[in-house]
Number of protein chains: 2
Amino acid sequence: MKDFTEIEGGLLVAEEFVAAGMAAGVKSEGLDLMLLHSKVPATAAATITSNRFRAAPTYVTKRHIADGSAQTVVANSGNANCATGSEGMRNAERMAALAAQETGVPVEQALVCSTGRIGVQLPIEVIEAAIPQAAKMLSRDNAELAARAIMTTDTVPKQAAVEFEAGGRRIGLGAIAKGAGMICPNMATMLCFICTDLAIAQEPLQVALSRAVSRSFNCISVDGDMSTNDTVIALANGVAGNDLISAPEGPDFERFQSGLSHVTRELAKMIARDGEGSTKFVTVNVTGGASYQDAYTVARRITNYTLVKTCIWGGDFNWGRIAAAAGAADVDFDPATVQISIGGVLAFAAGEPVEYDAAAGAEAMKGDVEITVDLGMGGEQATCWTCDITPTFVELNV
Amino acid sequence: MKDFTEIEGGLLVAEEFVAAGMAAGVKSEGLDLMLLHSKVPATAAATITSNRFRAAPTYVTKRHIADGSAQTVVANSGNANCATGSEGMRNAERMAALAAQETGVPVEQALVCSTGRIGVQLPIEVIEAAIPQAAKMLSRDNAELAARAIMTTDTVPKQAAVEFEAGGRRIGLGAIAKGAGMICPNMATMLCFICTDLAIAQEPLQVALSRAVSRSFNCISVDGDMSTNDTVIALANGVAGNDLISAPEGPDFERFQSGLSHVTRELAKMIARDGEGSTKFVTVNVTGGASYQDAYTVARRITNYTLVKTCIWGGDFNWGRIAAAAGAADVDFDPATVQISIGGVLAFAAGEPVEYDAAAGAEAMKGDVEITVDLGMGGEQATCWTCDITPTFVELNV
């Protein structure tokens, strides 16, 4: 049996989930408020930024998700509600309470997210006015509207969906994400909401989500800057009626893991591709690692090496900077066993630079760029994704 | 007694040191070869990049300095001689051997440095032709020529000098440095050569140099990218005739440490100020740290946070990004005890944003910018330096 099938649609392919997106007025123009709701109780899991200046809504979400369930998520763009002190905390609690009230669930069933400028108080009155309207708009048809409502500097909405089987039932799994700047998740400012009608207990849901995030959102970098607001939330409402998955094992769990990992990886790649001001999508494969962590650390260092990313923008086949970036990672390897290639054009092997065809080198730097570094230390491999850095990126971030 | 006095002049204020700078032809135009020589044997110490893709000359220098002495340094700009395999290693050895021969010292007395593009073989024939000429040009008058010969994308030569007393003798200490990009020393591509006529044993010389580097070059960042070639070399030829300093202690050593630390700090600040494409010099003070390491880690994270540096270029009083950067450092603190100010304008205190005068905020972002973050965790403090990131930086680095 195939693990999963990609399907059309985004956030709302699973049963009994509804959403709304609207212009509340946090931003001067455009959609800025998303409401997401499961009509029945749902198991919930989340991963949240490790930044010590975490935004107020991340505290509320962490508290409300502690019981392993949630039914409603409210999110705004245009303001991060971060470094906003006690007033910010009251505002985040107010958002959650109002979203809970308007969707008819206890307050601890509502989660809250914000993304936008740090250090400015949320215009809570416009959000208070909008949440009841958003609740009235809740519908199964609003998947794309929801995706648009969480965008900040994103140029395209980001959504992905799969279906798979568990216990003989067809399970839907859909998700949306946002993020284009302050992206170096651990988590990044990225938000991602995932809805599935799978019946699964909280522990295996959290295990699957953490695994999926570690190989997707934690593998992308736009600017190397960890955000204060990053949050990924997964809701599983069990409406599909499969036998409950109670542990992170077995064929049903593995198919769910495959589908979830696929969706988060696709969304992560969409974020890297939509990096602020970027013109090229960059894949960095590191093979031959003594461990996954070694391969990941080197790949990550390359995706965060500014001078690699500026020369990708310029189309310069400057593989030496990739060597410098790999060597700057805190990982043991011997340059004499390393191979470096870009777009399949080998540039360095066995400790020596390799003669390469200049035209092929130039071609490898056009469009999307694929970097491969083999460490020659073992059999583990990792892939990270990033984009080029351009003058436009700087101009967007003043 | 005053610890030291700043004096005019650069590399050659100490007795019996001579230098030359010339255009060998490694670059298509401009000076690109420096030769430095002590007419008498000198104690030597160095700090070298921890990048695993270290350049060939750093291996030769490390080997030749192992005996704690050196008399000659040859350095080229325009080519890093890094990731150049066995041919690169032979070329670095050839440079050292020729420099030793032409200055009349054993080969192990010659150190070698390179800076420039990675992964391209050195045009060794032009260097071979130039070294004998450079040896003929050696003179006490060439301090600035030497400073110019090691420049790559630097816009100004960087030199500093002090004098101090040890054992009743007047000691001169002069230095030059280069660096503008791939600067995040640990070490950065920066090179620095320091000459003093102090009589000092190798161990205290190395101790003083390592201390000075940790609080100077290791506190600056232009692009956050660790280089493959960074090298700082100190030569002490003892010509001043003071009683030999044999241990890292006592008033003579402390005065030397003060002067050396001052010179390296001034050169480090010159490098940050001359960051590729930069328009503003940025000082980041972190106070209230539980330890120096904590304060340093937070200051360093702020100087490497791209989105802080882009909004400094734009003149945006966006203190929230400073909060995000501080929180992204792997240091324990409570946001409720943190204070953040820019140019003396307080923006965040006691867990709350502070109302500030918009005109004063705008003024704080003009010209050089001074950021202060108090962690409220203790009494330790650290200072790091950086510059803004501009579209020109990206254009310079394709």
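Order of the sequence lines sets the chain letters (A, B, ...), proteins ahead of strands, with each chain counted from 1.
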Checklist entry - Among B:A80, B:A326, B:A83, which residue forms the greatest number of heavy-atom pairs with chain A at distances under 4.5 Å? => result B:A83
Item to check | Interatomic distance, A:F348 atom CZ to B:I118 atom CD1 [nearest 0.5 angstrom] | outcome: 11.0 Å
Checklist entry - Side chain, backbone, both or neither: which part of B:E87 has a non-hydrogen atom closer than 4.5 Å to chain A? => result backbone
Next on the checklist: Using a 4.5 angstrom heavy-atom cutoff, name the option from A:C82, A:G88, A:S86 with the most pairs to chain B.
Outcome noted: A:S86
Checklist entry - What are the two closest heavy atoms between A:G119 and B:P353, and how far apart are they? => result O-CB, 4.2 Å
Checklist entry - Who wins among B:A323, B:G277, B:G351 for the most heavy-atom pairs under 4.5 Å with chain A? => result B:A323
Next on the checklist: Please classify the contact of B:D332 with chain A as side chain, backbone, both or neither, using a heavy-atom distance under 4.5 Å.
Outcome noted: both
Checklist outcome for this item: Correct closest heavy-atom pair for A:E352 and B:G85 would be OE1-CA, 3.3 Å
Item to check | Shortest non-hydrogen separation from B:F53 to A:P335 and the atoms involved | outcome: CE2-CB, 3.8 Å
Checklist outcome for this item: NZ of B:K309 to OG1 of A:T306, rounded to nearest 0.5 Å, is 7.5 Å
Next on the checklist: Only pairs of heavy atoms separated by less than 4.5 Å count here; which of A:V331, A:D330, A:T390 has the most with chain B?
Outcome noted: A:V331
